S.K.: 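So that we are looking at the same thing, I have put the structure below in structure tokens.
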Amino acid sequence: MIRVIVKRLLVGVLVMWGAASLIFLIVRVAPGDPATILLGPDADPAQIAELTTRLGLDQPKLTQYVHFLADVARFDFGESYRLGRPAMSEVLTRLPATAELMLTSTAIAVVFGVTLGLLAGARPGRMVDRVVSASTIALQSFPTFWVGIMLILVFALWLGVLPSADAGTPAHLVLPAVTLALPFTATVARLTRTSVAETMREPYIQTARSKGLTEPQVLLGHALRNSLIPVVTIVGLHMGGLMGGAVIVENVFAWPGLGSLIVDAVAGRDYEVVQAATFLIAGIVMLFNLVADLLYSRLDPRIKLDTVS
Amino acid sequence: MSDMLELVGLVVDLPGPGGAVRVVDGVSFDIPPATTVGLIGESGSGKTMTANAIIGLLPDGATTGGALCWRGDDLLRVDRRRRRRVRGREIAMIFQDPLAALNPTQTIARQVGEILRRDGLDRDEVRRRVVDLLDRAGIPEPARRLNNYPHEFSGGMRQRAMIALALAGNPALLLADEPTTALDVTVQARILRLLRTIQESEGLAMLLVSHDLRVVAHVAHQVVVMYAGRVAERGPTATVLRRPAHPYTRALVDSVPAIRTRTALAHPLPGTPATPANRPAGCAFHPRCPLARERCRTEQPAVRSVAPDHWTACHFAEEIADRV
Amino acid sequence: MRRIPYLVLALYALVGGLGPLLIEYDPVPTSLPDRLRPPGSDVSYGTAWLGTDALGRDVLAQVVYGARTSVIIGICTVALACLIGVAVGTAAGYFRGWLDTVLARGIDILLAFPAILLTIVIAGAFERSVLLVVTALSATAWISFARVTRGIALSLRERPWVDAARVLGVPRPAILVRHILPFTIGPVVALATLEFALVVLAEAGLSFLGIGLPNSAVSWGQTIANGKQYLETAWWISALPGIALSVLIVNIGILGDQLTARYGRGHLR
Amino acid sequence: MFRALRSRALTAMIILAPAALAGCTDASTGSGSGSGSGEITVAGTYPIESLDPHGPQGGGTGTQLAARELFSRLVRPKADGTLEGDLATAWKPDATATQWTFTLREGVKFSDGKAVTGADVAASFKRLIDNKGTNAANFPGYTMTATSDSEVVLKATKPDAAVPGKLATFYVVPASVATTDAAFFQKPVGSGPFTVEKFTPSQTLTLVPNKNYYAGAPKVTRVTIRKMPELAARLTALRTGEADVVWGIPDDQLGQMQSDSKLTVETVPSTAVFTMWFNSSTPALREAAVRRALWQAVDFQTIVKQLYPQTGGLADAPVSPITLGYVAQQPVTYDPNAAKAALTAAGFDFSKKLRLQFANAEFRQFNQAVVSDLAKIGVQVDLLEKEQAVFTKDLLALNWDINFQQLSNPTFDAANTLGRLYPCAAKRNGYCNPQLDQLLSAAGSSPDQAERVKLYGQASQIIWQDAVGMFPMAVKYAYAWNKRLEGFTPDPNGLPDFSTAQVRGS
Amino acid sequence: MSETLLKVRDLRVSFGRRPGPPWRRATTREFVAVDGVSLDVGPDETVGLVGESGSGKTTVARAVVGLVRPDSGTVTVDGHRLGPVGQRPAALQRAVQMVFQDPRSSLNPRMTVAAIVGEAWRTHPVSAPAGDRTAALHRLLDDVGLDASVARQHAGELSGGQCQRVSIARALAVKPRLLVCDEAVSALDVSVQAQILRLLVDLRASHRLSMLFISHDLGVVHQIADRIAVMRSGVLVEQGPAGEVLVAPRHEYTQALVGAALELNTES
């Protein structure tokens, strides 16, 4: 078990290296460089040249890349030239806000998604199932940013019951968390529904029924846990997607998290922050994947982790 | 109130893409107490659906007709509570693939003891009973295996656990649906022996569903042969296998390859088994039947007695001994 | 009932295709006196059935032209992603070996970021254009196709009929074309439908963030973003294109579900 | 969010800014003494990333706003653009305006009780230069020495009449602060009206009055500057009372603020001018007649009235009215027919597209309206909205035909805009006129202020008539604040001072 | 031509090693499926290979046709060493054909029977009929007991028995020397199983085929095999003439196997 985790982590390092390199490539190939941005439209060429040298941007891309890798290996992501602070510490100060948003949304999505999925999947094709299926398609289809805006329109502007943007109080969390949770709830509900419906077709469910159990007993005693195994895994794997949704939601609600930081950093050619943030996100996503796998092997006694590829 | 299960003209219709399909079509036979009845047939014969109808676990949308008489009730008509009480406690079932039929995420003890726990027995009592059940099912050192998961058992052991699970409710009738099909030859023999021992020692009635004549011949006192959802022939095992009163039974017997001798397989039955979805008119077997003539194409033969306890659904049963 | 998505999609195709012929719209001319007029107002150039935006331009026209932009970008992206994904996925799944290893690692790397994030980084870093948006969206969209077809190819290569073809000595390209590819079509079509929805959503998201598309392109995301600051006074600017977008995505979603149900979800997850 | 990154462009003292922005303080009479009472919350548009005025973000709006409250300067501009003394009580140049002597105020103390001396001022200046921060470039090779505890002398490398204005963004910290000292700037010691109670970078800055402030401690008990980048959030917060002051309000929202009886709304002229340079090195735009005709073709009066009814006014000079060197010019009247005729006469190629670049989404509508008007006379324009990074690069490379910028001037001195951007050597807009060079050079080095204004007026006339660019609009900043707040003065560059404010009834 | 057609020598096959970088290879567990199996099949001879699940009999079959790559050992036909599929000369490739267990998935469900057989002919033009291919196809179908009308049907529309007949036809189309049948009748209903067994017995004679016939069912093997080899856990434990092995088994495992097998006529 430990060995497998170590192995997974090693593969993880490989993936992180690739991820870091990919982002490095994209941001360094992009037009526009930090020196001109930093100095603004009024800088003279000598100033720009000097700053370019100071930032090490005059060196060949390959040399820059080697330095970059060496720094990353030491977990040093350099300083944000915009903010004058270590890029990673800047990213880390933004992380809690994003984490708060994501965890709240996940909680909402899991509670409502699993409940709806269970109701629908227990009796596929029935009325409840149809209603749940239709509404989940709708929830998955509405563009997050638009839903966010409409929620602002209704709850903040028309009804005036919730703040429209910014962070701080629990009330501020409601709209962004709900916006982010809606499509995720639909995803969880659909997954649960499919999984429950599939599980209910398993022979061991017939066995359970043959013992004279009532349908609720069968559903809760035998189907629920087994059908939640893939759901748990996929919820773990969906953390990446949720992070993506958070980028948009944060922008709609001015939530001071990683998402808004990254969008600004990309536009501002703040290489260090983009690299640190994407690196961190990649690490978190991978960690969630690993946790999902571990959880999978915990929940399903058949699975030995080594067989999970 | 007898402990005999009697099927009277059992009908099962399943919804299909082109309308309802009658997968079980007027099946009648009975399972006397302390008797093993073998239910044999090829794919699409309706044998598994018959067993499912008895335990009451038909797929969604299935409709039934006829009657299932059990201890004075028609199981097709009793209320849901009663039906559930019967299930597991009076009639229990063993499934084909023990790995699939056991919940992979629960321990053997938990699954075997579930019905006891639901009956309100305390933990120690449940544990004691489960150990006893596993022991009766021939699992060595049962106390040590209680917390194992199904995947930690070998195929044979799983089926033994399944048998223990079925016995937990102390049933009077055991339905075994292809209990050894998924097992290796050597294991199969042991499981069949176990089933027979249990049936005899507990005085159970048993319905053994199988496609393998050899299995049925080995265990069953009586045989019911099904073809395309209908009963073709039924009677005491020895009689049916030695002197079949239906050309289909005859062909089946002839198709079974012997191990120690090389039979000629000279005249295999032509064609493929009819299915309920496209069941020929008249006698469903007539397109493949060497005895078929005009009457068979139009008139569905009634099940009739050719000897005491021996029934056939063939117009020309008497000719079989001579012709085939 | 099952026809509804087809009808709605046909309507969008019709509006996207013919609408521009009926409604003239050019994002360049503005009509400042007509700004922020509610739906149904008479404006200098006719009636603004869905109101006007902050520069006095017709919202209805923007919805119609936005449909065209979305559909074009969606189709181009899905086609590109499909081509790359199916080729790579099928080859990797069937041949296994180093190709598969490289692909698996490559996908791992791309999946280490949320798709939209990578898209934002790419689309935000380069000069705005439709091509850039298509490229940025395709950069992650191909993965699903590769994974699905790889999975199918992996399972198909174990099928006896493929074994039989190999034992027969059928050359590998022929096996791929005859015994593997035909089975990917159904799931790929189903996936393409769902991906189309995702791509249209992602494109709208990008435009909403002000990334990727040039100003000369009319896009729902841009219109919605433009209307955001007038939510209280001119809700129609954001609300109506959003409804158009949502209705489109819902119907693609339903269609995708139907196709997925027909061609087997097992392949898709 | 997708708001493009603001340039931290104070380097050369120009802020490219979205509607609410940088600039300099308004001076105020720190009347009275005794501790203030009542707390106020300020909804900040831009995050305060750092409190170090000499650091990399020294020119950033957030840092400038904070520095204003925490530190003192030698001089500071008033709302009308004229300078008044802060740490300095008097300043005067030598005959060539290369050496400036500042007399320091007596008895000024840092918040830790230590006296502010000439050594502190000189060390701060050295620190500014050594840090090579964005503001340092204003003083290439300049040095400052403390001739006594109460006098400092700044030596320029060449005559520089704009020195006082440039020093409006120079803040004084204790001499002991090292070149980089992150810990100090977490809770810095300064001689401004406030001190830091708590600072969370890019989130909130909580200020409490500096009891040692030379003009008397402010009357408010606490000022919390909270970042609220979303306009909607700021306005909602203002109306719910969550925030007390908001500025940088666009016209479309202003009406609602004005209809709220709890709020006071005021606009104040700023130094910012919408500036739309023509690239005179582009063959198509080489002729002044063509440039003038294009200017004539756009109905700026209508555009400004429609889009900026309250926060904009038709500009009448290349610099704003509150800038030193402002002289009003003859308005350009909208006449599309004349424009078309003039273009045709000049042989303008209507089939070629002009590239109009800008960098911030909030100016999109304005530019779209301009493009629309130009299209009406057949001039085709590609509107290019660029990321700040690309915009700046292209701007310097003259990779555009028309360039839109909102030019602010935190020094309130035309030297910083006209003097710096329009000489041939600046190569900023492809325009080159030796006569203009001469005028600007003279204006920049004259110690006589009246003379300078006259010279800048003549320069402005050339720029205006040759249509080096179009100057459509002078920007005003709109402020709204809760009526419970008294004594609050809007600041022309969006950097208000809270030391004069006080909460009614508290 | 040598005395034996197929010679398998010291065959060893293991699983768990995948192609990939070495550091991955080391961590996957190895499982030896076949360990040192030697086996001969003479011309016109049918050898039955029996054993329980997991005994390695299917792996032997797949190694013979080249679908798995042995770790060591050789497979020769007519003295020519056989590599994995795709690396065999065309003549040897078609010399060894296979019939699989699952009748339905043995055929590409999207192809018609004509296309399936046509593919075989296209791959090996040498074996393709000279004249009218349709007529030849109908003859071939007739050989395996199928109606000519089946040619136009898709594999998905056929019954299990029909599928297995088409599989056999496809194999026969390239005129093989050796037919490897891996549980070829196990998935069929007993009445159909008899038909296919009968068909194989007939074809073997008419086409002068050698066969390696793999089954777990001793009875089925006895009906067709001249000699029988018994496998257990990857090792060959006994081989000999069919009658001898099944009637008087020598190895105790074979004895257990035969003892456990049910006969229809053994009355309890």
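Everything quoted here is computed from the prediction, not taken from an experiment. First the proteins, then the strands, lettered A, B, ... as listed; each starts at 1.
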S.K.: I need the E:His216 NE2 to B:Asp184 CG distance, nearest 0.5 Å.
M.R.: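 Answer for the NE2-CG pair, E:His216 versus B:Asp184, is 8.0 Å.
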S.K.: Could you tell me which portion of B:Arg193 (side chain, backbone, both or neither) has an atom closer than 4.5 angstrom to a non-hydrogen atom of chain E?
M.R.: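 Looking at B:Arg193, nothing touches chain E.
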S.K.: Got B:Val215 and E:Leu262 here, is their nearest side-chain heavy-atom distance under 4.5 Å?
M.R.: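 Yes, side chains in contact.
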S.K.: Under 4.5 Å heavy-atom distance to chain B, tell me which part of E:Val201 shows up: side chain, backbone, both or neither.
M.R.: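 No part of it gets close to chain B.
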S.K.: Supply the atom-to-atom distance B:Arg214 CZ to E:Asp217 CG, rounded to the nearest 0.5 angstrom.
M.R.: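 CG of E:Asp217 is found 4.5 Å from CZ of B:Arg214.
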S.K.: Could you state the interatomic distance from OG (B:Ser255) to CG (E:Leu197), rounded to the nearest 0.5 Å?
M.R.: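 Reported to 0.5 Å precision, the distance equals 10.0 Å.
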S.K.: For E:Ser159, is it the side chain, the backbone, both, or neither that has a heavy atom closer than 4.5 Å to a heavy atom of chain B?
M.R.: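 The side chain, not the backbone.
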S.K.: When only pairs under 4.5 Å are counted, which of B:Val253, B:Leu252, B:Val219 shares the most heavy-atom pairs with chain E?
M.R.: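 So the answer, after comparing B:Val253, B:Leu252, B:Val219, is B:Val253.
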S.K.: Quick check: closest heavy atoms across E:Glu52 and B:Thr186, and the distance to 0.1 Å?
M.R.: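 Shortest heavy-atom separation between E:Glu52 and B:Thr186 comes out as OE2-OG1, 2.5 Å.
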S.K.: Find out whether B:Asp212 and E:Val190 are in side-chain contact, i.e. whether some heavy atom of one side chain is under 4.5 Å from a heavy atom of the other.
M.R.: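 B:Asp212 does not reach E:Val190 side chain to side chain.
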S.K.: Using non-hydrogen atoms and a 4.5 Å limit, figure out which bit of B:Thr261 sits close to chain E: side chain, backbone, both or neither.
M.R.: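 Contact with chain E is through the backbone of B:Thr261 alone.
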S.K.: How about B:Arg297: does its CZ atom have over 12 heavy atoms from other parts shown lying under 6.0 Å from it?
M.R.: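 Count over threshold, so yes.
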S.K.: Does any backbone or side-chain atom of E:Ile224 lie under 4.5 Å from a heavy atom of chain B? Answer side chain, backbone, both or neither.
M.R.: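 Only the backbone of E:Ile224 comes within 4.5 Å of chain B.
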S.K.: Just wondering, do B:His211 and E:Asp189 contact through their side chains at under 4.5 Å, heavy atoms?
M.R.: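 Of all side-chain heavy-atom pairs linking B:His211 with E:Asp189, none is under 4.5 Å.
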S.K.: Indicate yes or no: at least one non-hydrogen side-chain atom of E:Ile196 is less than 4.5 angstrom from one of B:Pro268.
M.R.: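 Result no, sub-4.5 Å side-chain heavy-atom pair not found.
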S.K.: Nearest 0.5 Å, what's the CG-CD1 distance between E:Leu257 and B:Ile259?
M.R.: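 That separation rounds to 9.0 Å.
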S.K.: Would one find more than 12 heavy atoms of other residues, nucleotides or ligands at under 6.0 Å from atom CZ of B:Arg243?
M.R.: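 No, CZ of B:Arg243 has 12 or fewer neighbouring heavy atoms, counting only those of other groups under 6.0 Å.
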S.K.: By a 4.5 Å heavy-atom criterion (distance strictly below it), what part of B:Leu183 contacts chain E: side chain, backbone, both, or neither?
M.R.: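 Neither; nothing under 4.5 Å.
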S.K.: Keeping B:Arg262 on the side-chain end and E:Ala225 on the backbone end, is there a donor-acceptor pair under 3.5 Å?
M.R.: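 Side chain of B:Arg262 to backbone of E:Ala225: a pair is present.
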S.K.: State, yes or no, whether a side-chain contact exists between E:Gln193 and B:Pro257 at a heavy-atom distance under 4.5 Å.
M.R.: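 Side-chain contact under 4.5 Å: yes.
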S.K.: When you look at CD of B:Glu200, are more than 12 heavy atoms from neighbouring residues, nucleotides or ligands closer to it than 6.0 Å?
M.R.: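 Count over threshold, so yes.
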S.K.: Working to the nearest 0.5 Å, report the span between OG of E:Ser191 and CG of B:Asp254.
M.R.: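 The OG atom of E:Ser191 sits 11.5 Å away from the CG atom of B:Asp254.
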S.K.: Closer than 4.0 angstrom, basic N to acidic O: yes or no for B:Arg260 and E:Glu263?
M.R.: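 A salt bridge is present here (some side-chain N lies under 4.0 Å from a carboxylate O).
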S.K.: Is E:Ala248 close to chain B through its backbone or its side chain, or both, or neither, when contacts mean heavy atoms under 4.5 Å?
M.R.: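 Contact with chain B involves no heavy atom of E:Ala248 at all.
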